[in-house]
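Just below is one structure, and these are the notes that go with it.
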Amino acid sequence: MQVLSRAAARDGALRRALRAVYEEIDASAGTGALPSPAALLLGADPPGGRELARGPVGLQQVAHYGAAVAWQRVLAGRYGPPDALLAVSFGELAALTAAGAWTVGAGARAAYGLAGVLARTPGGLTLIGCGEARAAELAARAGGGRVAVGCVNSPRECVLGGPPDRLAAVEGLAAAEGLSAVRLHLPFGSHHPELGRQRGEFEEMLRGGPPIGPTAVPVYSAVAGRRYTPADDLAARVADCLVRPAHLPRILALLAAHGHTDYREAGPGSALGRNAADCLRGTGARVHGAGEERVHGTGAERVHGTGEEERERGQRTVTTDRTLDELLHGRHHPGRLPRLHRALARHPYRVAEAAAEREPYLYRRLRSLLRALPAAADLHADPDGLAAALAWAAVADPRLGMTVVTQSVLGQGSLLRLAGARKDVGPELGAVDAGDLRIGYLVTEAGRASSHLGAGTVAEFRPDRREFVLRTAEEADVKFGGVPQYPGPRGAVVIARAVDAAGRAGGVFAFLVRLADHDGPRPGVALSAPVPVGALPLSYHRVRFDGVRVPEAHWLRDDADLDADGHLHDPRTPEDRLRRTLAVGQDLWGVLPTALAALARQSAVLAVRHSRHRETRAALAPGTPLLAHRSQQRALLGALADAFALSCAAARARELLAAARESDAAGAESGFAPWAAVSRPLSAYKAHCADEAERIIAECQRRCGHAGLADGNRLAGYHGFARSFDPAGGDSRLIRYDLGRALLAEAGPGGPPPVPADLGDPGWWPAVLARHQHTLTGWLRRATAERARGGATPFEVWNPLLDRAAELGAAYAARLAAEDLPRALAALPPDGATDALAHLAALRAADRTAGALLRHRTLAPGELAGLENALERGYDRLLPHLEQVERAFAFPDDIVLPEGFPEGFPEGFPSSSPGGPAREGRSEGPNTPSEQEFPE
């Protein structure tokens, strides 16, 4: 709702409509003693979605109802009255009000009454990433007859309802089969046949209030599955929402049959519009956004007619809900990025390879950065904010970026996610925020690098002292990771296997361990000499534990417990415990792509500047700038386009992280590593983005010659950072293996999806990759089945097929990223530069993959015949926008200038491109969208 308030502050029509609607609600005296929504939401400090939910019963529902009614008024003023209204779930109330069947006050009283019923309604709701038939099958298999499909949002998304424990079982089954399953942050159920008593209560309440009159505009109901008629008993039909499912694809098909082809979402939300677009893909219908800023949470959609006037004007229909800066850097409070910029500019970059020089320098930079950031809990609650902190730190100094990964993302993230109580680690969190304690993350064991399925480090519980004793049992169990050398308190989150007082081995947990203080390593901690890593010089050590004492409060126990006798009680299986302990990987995978995309963009900018000012001496064209050569243009224009595609994928990863944090599904079975079981799509983004960033930066290095190798010019550090995340943060190769294995269980019957004939169609490349994934899945399924029929063991089945599984996993990740390009364009204002970047990025990806596409017969040679010419036209299309793109992608000069070059960049890298100096700040856009408040 804070985003809605900011939208109102910038949009006078919306502000006036909200105030008018909320004043009508206040005047109706039918919503009990609720505080005025206008005073709350249009005031100086509007509450967020969770704050609103914690308010008096009914406040959240009345606020959302009023917002939807106000948005509909704004849309009617801008685009004319609607031909029809589509009501989905809670949106029934706003739709009937907008259609004239109720006054605003009467609808608000209904929303308030419904809130009272819901507050006494048992159950929960889970968003699941599959179609209706499969969702029903999962519910039948694991729901014990009490889980039902409550909402069908699209062919690929449903909402299940039922008792929380039954939903957990279905979520576990879904995760085991590679499907996303997210528990909605709602303390009640809905759309469930067991809620007949609550339905009766609500209907009786409606009948006791103002009568529901006839509608002046046709209203289509996703619950009724049809258009309401004058003969309908609308009180009964509205009450049906508590017990009957809402089916969006079915009602949209009916609307299409009745000639409705243009849709606008009457509310600041985007979920319905996104689902409608998914349902209507390929039909020629168009789904528009409600405004430039949107939040999840309302339930009414507006339907328009054919839209001939817009087509005649040739306007591009888009859903503009973010600027390019917001796509690249995320949405933030207006002062957030300028503060980050100033903190990083305070200390110029230094190569500083020697630890005695490097460690104090990095410590000063880290303290400046921490002072500019919110407290850890607030930072982790905002994926855009956490991603921006990592991205800007990595661009300023990749070593600082890696410190942010280990300390802020993984270390503090583990404390926030897994501590039994926040007070147990509150002092340590505060000390890290203040820069008084530095912590790392020690998961890797020297003898098991890349795989974390069998932690050998042991934490034995001593009930007399209520503490654990940490031991390194064997040489293979020695931990390896970054441990700062700078004097002062240092610690780490250490991953170890718990053993209780009875000697019974439990699951793998995280422990907060003090490694060193001002006097050096603490008793029982042995640090090796620094292990040199040239690609990313930091203080890496091997760490051995011999009787290190860890208080029980620093056992990051999550929902496990130890009784008075020291016996461990864990409600989770060992496999699920490992997944939970390493779930902080989700945070890394959600924000790391933003940092990798930032490094790729800055590398491309540096290479373009080098090429523009570097003159060639060859006889062919002496004195000509390197950038005038077509081969250099192809490489660097292509790098800019590929970096844009990476940025679109990064934006999607942040969105997925925000959704994944609401899930507490039981984990899928781990295969070669636990990462795909933690989060299949986010692990795929991590592997794909690390690989792409390394490729882009390496090409930029090569195109800069000697200047690309100099440490002071940052490209070598950028490449080292990207390269390190091939094995780090979850080994990308193992992730691809497990992705390929998991995808076999999901693929259904049917032929490959159709591919548009036009290479310029934004849907062409995603469709090609969807067909390629289908082709690879079919081949791998047949190959594994054939080997299994011969009596082969699982190892014998998979051992010769792992590379093919990795190829399938890579195709899946590439498909996700390909789909992000048109999704990002739909959210941006129309612009020739971004259109050209997206078009070229898709063509280049196809060119790089052409061999595999032809080898596996995903495409016939003739289907790629025009690719080379299309690529050349793509470069020509982007070239006029080069300076615009360069300015948009470049970070401020004062955070990327190395020390000793106060007047400009070192050789080959001038400090700014033609068109003006670097910007002082970045996007001042809105905060991230709030949570989805109602099932859609």
Side-chain angles (χ1 to χ4, degrees), residues 406 410-411 414 439-461 468-483 490-500 503-516 521-533 535-536 538-550 555-556 568 573-575 577-582 584-585 588 669-678 724-735 737-738 794-795 798-799 802:
T406 56
L410 297 175
S414 294
I439 62 173
Y441 188 76
L442 295 178
V443 58
T444 301
E445 294 179 345
R448 303 175 185 84
S450 295
S451 179
H452 306 309
L453 290 179
T457 304
V458 174
E460 301 167 345
F461 187 66
F468 285 88
V469 175
L470 213 59
R471 298 190 185 281
T472 301
E474 300 178 5
E475 187 64 26
D477 307 328
V478 172
K479 295 289 186 183
F480 173 78
V483 179
R490 287 160 284 162
V493 170
V494 177
I495 306 302
R497 187 171 299 280
V499 176
D500 71 5
R504 294 177 302 190
V508 173
F509 290 86
F511 297 82
L512 175 59
V513 181
R514 289 278 188 148
L515 299 179
R522 292 174 64 84
V525 177
L527 301 178
S528 72
V531 178
V533 178
L536 200 66
L538 284 169
S539 296
Y540 296 103
H541 296 265
R542 292 186 176 90
V543 187
R544 185 186 299 275
F545 303 105
D546 185 12
V548 178
R549 295 163 60 179
V550 181
W555 168 43
L556 305 185
L568 179 64
T573 65
E575 293 78 13
R577 172 54 56 201
L578 177 64
R579 182 195 69 84
R580 285 282 297 174
T581 296
L582 298 181
V584 70
L588 178 60
E669 178 187 358
S670 296
F672 299 98
W675 306 120
V678 170
S724 70
F725 282 102
D726 182 20
D731 188 274
S732 294
R733 184 179 65 259
L734 298 185
I735 286 173
Y737 289 164
D738 275 336
F795 176 76
W798 281 103
N799 191 36
L802 286 179

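These numbers come from a predicted model, not from an experiment.
Between Val525 and Val543 there is a side-chain heavy-atom pair separated by less than 4.5 Å. Under the 4.5 Å side-chain criterion, counting only non-hydrogen atoms from C-beta, Val493 is not in contact with Leu410. Asp546 is listed as a side-chain neighbour of Arg471, based on a closest heavy-atom distance under 4.5 Å.
Separating the NE2 atom in His541 from the CZ atom in Phe480 is a distance of 9.5 Å, to the nearest 0.5 Å. Taken to the nearest 0.5 Å, the CD1 atom of Ile495 stands 9.0 Å off from the CG atom of Leu578. Here the straight-line distance linking atom CG of Asp731 with atom CZ of Phe725 works out to 13.0 Å at 0.5 Å rounding. Taken to the nearest 0.5 Å, the CZ atom of Arg733 stands 12.0 Å off from the CG atom of Asp738. The distance from the OG1 atom of Thr573 to the CZ atom of Arg579 is 9.0 Å, given to the nearest 0.5 Å.
Judged by distance alone, with hydrogens and angles left aside, the side-chain atoms of Thr457 form no donor-acceptor pair with the main-chain N or O of Thr472 at under 3.5 Å. Using a distance-only test at 3.5 Å, with no hydrogens or angles considered, a donor-acceptor pair links the side chain of Ser528 to the main chain of Arg542. Side-chain atoms of Glu445 come within 3.5 Å of backbone N or O of Gly456 as a donor-acceptor pair. No side-chain donor-acceptor contact under 3.5 Å links Thr406 to the backbone of Gly440. With hydrogens and angles disregarded, no donor-acceptor distance shorter than 3.5 Å links the side chain of Lys479 to the backbone of Ala446.
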What donor-acceptor contacts under 3.5 angstrom involve side-chain atoms of residues 505-512, with partners at least two apart or in another chain?
none

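Closest approach of Pro521 to Leu527, counting heavy atoms only: CG-CD1, 4.1 Å. When all heavy atoms of Leu515 and Ala492 are compared, the pair lying nearest together is CD1-CB, 3.7 Å. For the pair Leu556 and Ser414, the tightest heavy-atom approach, listed with the atom from each and the gap, is CD1-O, 3.9 Å. Across all non-hydrogen atoms, the minimal contact from Leu470 to Phe545 is O-CB, 3.6 Å.
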**Asked** Do Leu568 and Phe461 pass the side-chain contact (heavy atoms from CB on, under 4.5 Å) test, and can you show the C-alpha distance, the side-chain angles, and the key distance before you say yes or no?
**Response** CA-CA 9 Å; Leu568 179 64; Phe461 187 66; over 6 Å; no

